[in-house]
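These values consider heavy atoms only, across backbone and side chains, with no hydrogens, waters or symmetry-generated copies. The chains referred to below are lettered A, B, ... by the order of the sequence lines, with proteins before strands, and numbering in each begins at 1.
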There are 2 protein chains.
Amino acid sequence: MLNYDLILKNVNKHIQLNKEEKEFFISLLHHKFIKRKDFLCRLGEYSKSENFIIKGCLRTYTLDENGVEHIIAFGIEDWWAGDPYSFLTNSPSNYYIDALEDTEVFQISKENLENLLETIPKFERYYRILFQNAYVAQQKRINQNISFSAEQRYLEFLQKFPSLEQRISQKQISSYLGITPVFLSMLKKKISTR
Amino acid sequence: MLNYDLILKNVNKHIQLNKEEKEFFISLLHHKFIKRKDFLCRLGEYSKSENFIIKGCLRTYTLDENGVEHIIAFGIEDWWAGDPYSFLTNSPSNYYIDALEDTEVFQISKENLENLLETIPKFERYYRILFQNAYVAQQKRINQNISFSAEQRYLEFLQKFPSLEQRISQKQISSYLGITPVFLSMLKKKISTR
DNA sequence: CGTCTATTTGAATGTACTCAAAAGCGGTGG
DNA sequence: CCACCGCTTTTGAGTACATTCAAATAGACG
């Protein structure tokens, strides 16, 4: 028996659903396990679902010309992950998405989302608010990227994702911050010796 | 007689309105001039409107502890500008917004937007798509901030805003890229001599 | 246990910044 | 209309931040 509490609570933060609407929504979701290191989506593939994480950790990243990974976003419990651009425009994805831990998600396909938005238009509002909040959070990150030093960005990261430091490797964190793992190691040493 | 073509065409890209709906929408807009260097919003103030730019150029920026400006976003014709966080949560704004050129906008207030979303729920969809697109564009910028050199970011800027280079000062561009004006001057020289 | 990857450390290098001074440019007022 | 003022851009020298390369150590996983 699957537990839909987390996702229903998340929806309920922004819109109110009656029992039938809840059941209809749930009927459109597909439960999936993603094992650590498995991919949800690769560059050039078509991202066919948006994914609500109930457990675990996903990352969205790019590879540069030297094969170095750059992490655009982490996704943890109670968050959505995916490539909205690819998903919504049916175009090849610009990103890789894989699992840093064994992860469980509820997926909604494009067809089902369209069905949902038509049947219960309130969900337009839900997704509007979701994107709005994500947009605001990204604006903050952009500000930090252009105005903070690497050290300040690292300290901010610890604030924003207090639980994540113990769960993922330092290399992942450095990749999210836009610095090398070597330099992050030096920063941590510098911070700890004062 | 005000010209609503640009904003109606923008809305029409995403949702279809009949004549009455158009008229109702237009009735909620307030036309405003912002003279070059005037502020639409300051840090700590309450951002009371979202602004659709019909002419001119706005910038959203922060000031760091040394008084240096960091530009989060430019807004030009056919774009919305504002601080959605402050606007939607009635909290003090984190940003300054001012005009780099004499600018004309259509403003919608929070009350009118709420009225609009209730009366014509299709607008939830319009704003959902707007934020979604903005989110995708920001993701791309974040990727560039963490994986590109300053020179690559500058060349990307020229692609993304082809018209803007002649309209605004180099200092504004450097501030958007996250580098100093001095360094941008050096980059341009380096680029032009090859 | 062995292998593979992550982390640390150190040295050398490159990228971007600070400070300072000079040159350029735009707007304003006499 | 020109002179002046303030701000932007350029240039140069010195410095700090962050990277690369390499080697050693530590951890994780089969």
Which nucleotide sits closest to the side chain of [X]: [options]?
X: Lys171(A); options: dT7(C), dT8(D), dC17(C); answer: dT7(C)
X: Ser185(A); options: dT7(C), dT9(D), dT8(C); answer: dT8(C)
X: Gln170(A); options: dT8(D), dT8(C), dA6(C); answer: dT8(C)
X: Val182(A); options: dA16(C), dT10(D), dC21(D); answer: dC21(D)
X: Ile179(B); options: dC17(C), dA18(D), dT10(D); answer: dC17(C)
X: Ala150(A); options: dT8(D), dT11(D), dA18(D); answer: dA18(D)

Rounding to an integer number of Å, can you tell me how far [X] [atom1] sits from [N] [atom2]?
X: Tyr154(A); N: dC17(D); atom1: OH; atom2: P; result: 18 Å
X: Lys190(B); N: dT11(D); atom1: NZ; atom2: P; result: 15 Å
X: Lys189(A); N: dT25(D); atom1: NZ; atom2: P; result: 15 Å
X: Phe183(A); N: dT7(C); atom1: CZ; atom2: P; result: 16 Å
X: Gln152(B); N: dT15(C); atom1: CD; atom2: C1'; result: 13 Å
X: Lys188(A); N: dA18(D); atom1: NZ; atom2: P; result: 17 Å
X: Glu151(A); N: dA16(D); atom1: CD; atom2: C1'; result: 13 Å
X: Gln172(A); N: dT7(C); atom1: CD; atom2: P; result: 8 Å

Self-check item: Earlier contact from the 5' end, DNA chain C, for Phe148(B) and Ile168(A)
Solution: Ile168(A)

Is the count of non-hydrogen atoms from other residues, nucleotides or ligands lying under 6.0 Å from [X] atom [atom1] greater than 12?
X: Lys160(B); atom1: NZ; answer: yes
X: Lys140(A); atom1: NZ; answer: no
X: Tyr85(B); atom1: OH; answer: no

Exercise. Check whether any side-chain nitrogen or oxygen of Thr180(B) sits under 4.0 Å from OP1 or OP2 of dC17(C), and answer yes or no.
Key: yes

Practice problem: Answer yes or no: does a side-chain N or O of Ser169(A) lie under 4.0 Å from OP1 or OP2 of dA6(C)? | Solution: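 Ser169(A) to dA6(C) OP1/OP2: no side-chain N or O under 4.0 Å.
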
Quiz item: Base, sugar-phosphate, or nothing: which does Arg36(A) touch, judged by heavy atoms less than 4.0 Å apart?
Solution: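 If one applies the 4.0 Å heavy-atom cut-off, Arg36(A) turns out to touch the sugar-phosphate alone, with no base involved.
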
Quiz prompt | Distance-only donor-acceptor check, side chains Gln170(A) and Lys188(A), under 3.5 Å | solution =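 Short answer, yes.
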
Quiz prompt | Glu124(A) side-chain N/O to Pro121(A) backbone N/O, donor-acceptor pair under 3.5 Å | solution =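 No; zero donor-acceptor contacts below 3.5 Å.
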
